[in-house]
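Worth knowing before you read on, the calculation uses all heavy atoms, side chains too, and leaves out hydrogens, waters and symmetry mates. Just so it is clear, the structure is predicted and the values come from calculations on it, not from any experiment.
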Amino acid sequence: MDFADFINSKDIREYHKKIGYEYNSLEAAWLVSQCRRLTLKERYEAWKWIIDNMPDQIVKNGRERNPYFGKSLHKTLTSYMMTQKLFVNEFKYDSGEWHYAYKPCYRDYYGTMTLKDYIGSFTSWDKCVDYTIKNEEPEDTKRIEIGRGFLNDPDSFKLNGTIEIDLSGQLISADFGDDDENFRYLDRFFKDMWFEFPVPFKPGDIVCLKDYSINPRHPIVLTDIVFPRGWDHDEWRKNRECGDSSDMLIWGYYIGDSCSGESGTDDYFGILSDSWWNYMDIEYYTKELTGCYRALKPVSSWIKGELGEDVALLVAAYHRIMMEETLSWTFPNMITEEGLRLAGLMKDK
């Protein structure tokens, strides 16, 4: 089984195939847990293959507070699948007490995937699933999150777990919820890990996050990956022995807006620096840089050392591009060519 196929980023996937990277059992299991294209059934099949064909391994690179730290990977995977299957069966069981509702996840014009509020109130799992399949449009809805709770108790929907399905009714993932401590630690098993995989990206590369569920796929000029600037790599690795996957970051620059000032009323729009999770999901940004995103080109070239040591060209290019875009926002629309000529905004032919 080629575990590179489970990597979400096509560029990292192709790079691992090119260099012939070999995964240990824990790395392989984590990649399976992260793969977005798998159904729950396909995920179980891959984990079962790891148990049957790869050596067991003691879980060491994760949060020590997780009780599965230091335990057998094979045994933990077996427990994880068994517990999740029991949870799914119990979740779907029509006891007459549960009420079900669902959240559709839509991809908007900008590429952002957003979970909406809960819809409906159904007396059984089957009725909820049947309704979503019949009433949600596949071109708009990418997945469905189904929750359960008690009638007249809306807060209970937050505590009793969720299951994700696609619009064919296939189970994609299951979240145990917060009502059972053992469930909670198992649910965090893969989240409580940190990995250092090889990647093809270098500082100055313009990248984006694949299917990022919080922000659109906006371009990012990469400055650092895996290791933050200023940290000794060995020291950072030691520091991450008790880290988790939320520490698998990239750092860089993007064009956006932010509220500055204590009052929160001063709006700034321009270049900003930030960090993003997770570096194993980034790809090269292949679209043309348009609008204000054009200002990332000189930043990229500067970081790569292509503009020399003099900062003047970087500053001049950034300033001019942002001024051009700002002026473009002031150009009136919905006006005829004759009106634009009369206003002095268009030259006579």
Side-chain angles (χ1 to χ4, degrees), residues 7-16 18 34-37 105-115 142 197-230 245-260 267-308 311-331:
I7 298 175
N8 294 317
S9 164
K10 65 178 179 60
D11 295 312
I12 299 178
R13 181 166 62 244
E14 291 171 1
Y15 180 67
H16 280 204
K18 179 181 178 181
Q34 299 298 299
C35 185
R36 296 195 186 99
R37 65 172 176 80
C105 185
Y106 298 132
R107 187 189 301 279
D108 65 20
Y109 174 81
Y110 297 101
T112 306
M113 293 181 65
T114 306
L115 275 172
K142 302 306 176 185
F197 290 102
V199 292
F201 310 104
K202 301 293 186 293
D205 286 344
I206 300 179
V207 300
C208 64
L209 282 153
K210 178 179 175 63
D211 295 331
Y212 201 42
S213 59
I214 300 176
N215 293 319
R217 289 170 55 110
H218 59 65
I220 300 164
V221 180
L222 187 69
T223 59
D224 303 277
I225 187 167
V226 184
F227 304 101
R229 183 168 302 178
S245 59
S246 68
D247 299 309
M248 297 174 65
L249 300 171
I250 66 169
W251 294 262
Y253 295 107
Y254 72 105
I255 299 293
D257 55 68
S258 175
C259 282
S260 60
D267 293 331
Y268 165 81
F269 183 85
I271 194 163
L272 295 162
S273 62
D274 208 338
S275 61
W276 293 265
W277 176 90
N278 148 353
Y279 76 80
M280 286 297 288
D281 287 347
I282 66 172
E283 297 178 343
Y284 291 113
Y285 188 82
T286 57
K287 295 181 180 179
E288 179 185 0
L289 293 173
T290 59
C292 289
Y293 291 151
R294 295 188 299 132
L296 293 176
K297 174 58 178 174
V299 177
S300 170
S301 298
W302 169 260
I303 293 174
K304 290 180 178 180
E306 297 172 347
L307 299 185
V311 74
L313 182 55
L314 165 64
V315 175
Y318 174 79
H319 175 70
R320 180 174 180 84
I321 292 171
M322 293 302 289
M323 288 297 293
E324 287 174 351
E325 292 303 320
T326 301
L327 284 173
S328 72
W329 301 338
T330 68
F331 200 87

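Between Pro219 and Tyr254, the shortest heavy-atom distance links the atoms O-CB, 3.8 Å. The shortest heavy-atom contact between Tyr253 and Val299 is CD1-CG1, 4.0 Å. Scanning all heavy atoms of the two residues, the minimum distance from Tyr268 to Leu272 falls at CE2-CD2, 3.6 Å. Across all non-hydrogen atoms, the minimal contact from Gly252 to Trp276 is N-CZ3, 3.6 Å. Nearest heavy-atom pair, Pro298 versus Leu314, reported as atom, atom and distance to 0.1 Å: O-CD1, 3.5 Å. Among all heavy-atom pairs drawn from Tyr284 and Cys208, the shortest one is O-SG, 4.3 Å.
Taking 4.5 Å as the limit, some side-chain heavy atom of Cys292 sits within range of a side-chain heavy atom of Met322. Taking the side chain as every heavy atom from C-beta outward, Ile321 and Lys297 never approach each other to under 4.5 Å. Using a 4.5 Å heavy-atom cutoff, the side chains of Val221 and Ser300 are in contact. Side-chain contact check for Leu313 versus Trp302: every heavy-atom pair is 4.5 Å or farther apart. For the pair Ile220 and Tyr285, the minimum side-chain heavy-atom distance is 4.5 Å or more. Residues Asp11 and Val207 are not in side-chain contact: their nearest non-hydrogen atoms beyond the backbone lie 4.5 Å or more apart.
Annotation for Glu288: atom CD does not count as buried by contact number, only 12 or fewer foreign heavy atoms lying within 6.0 Å.
At least one donor-acceptor pair under 3.5 Å links the side chain of Ser328 to the backbone N or O of Glu325. For the pair Trp277 (side chain) and Ser245 (backbone), a donor-acceptor distance under 3.5 Å is present. Checked by atom type and distance alone, the side chain of Ser9 pairs as donor or acceptor with a backbone atom of Ile282 at under 3.5 Å.
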Donor-acceptor pairs under 3.5 Å, side chain of residues 197-205 to any protein atom, not counting sequence neighbours: which ones?
from, atom 1, to, atom 2, distance (Å)
Lys202, NZ, Pro200, O, 3.4
Asp205, OD2, Lys202, N, 2.7

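Atom CD1 of Ile225 and atom CE of Met248 lie 9.5 Å apart (nearest 0.5 Å). Separating the CG atom in Leu209 from the CG atom in Asn278 is a distance of 8.5 Å, to the nearest 0.5 Å. Note that CD1 of Ile7 and CD of Glu14 are 10.5 Å apart. Values are rounded to the nearest 0.5 Å. The structure places CD1 of Ile250 at 5.5 Å from CG of Leu222, a figure rounded to the nearest 0.5 Å.
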* Asked: Going through the distances and angles, do Met280 and Asn8 end up as a side-chain contact (heavy atoms from CB on, under 4.5 Å)?
  -> CA-CA 7 Å; Met280 286 297 288; Asn8 294 317; over 6 Å; no
* To do: For ring-ring contact (aromatic ring centres under 6.0 Å, His included), just list the numbers for Trp329 and Phe269, CA-CA rounded to whole Å, side-chain angles, deciding distance to a tenth of an Å, and then say yes or no.
  => CA-CA 13 Å; Trp329 301 338; Phe269 183 85; 5.7 Å; yes
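A salt bridge links Glu324 with Arg320; the closest basic N to acidic carboxylate O contact falls under 4.0 Å.
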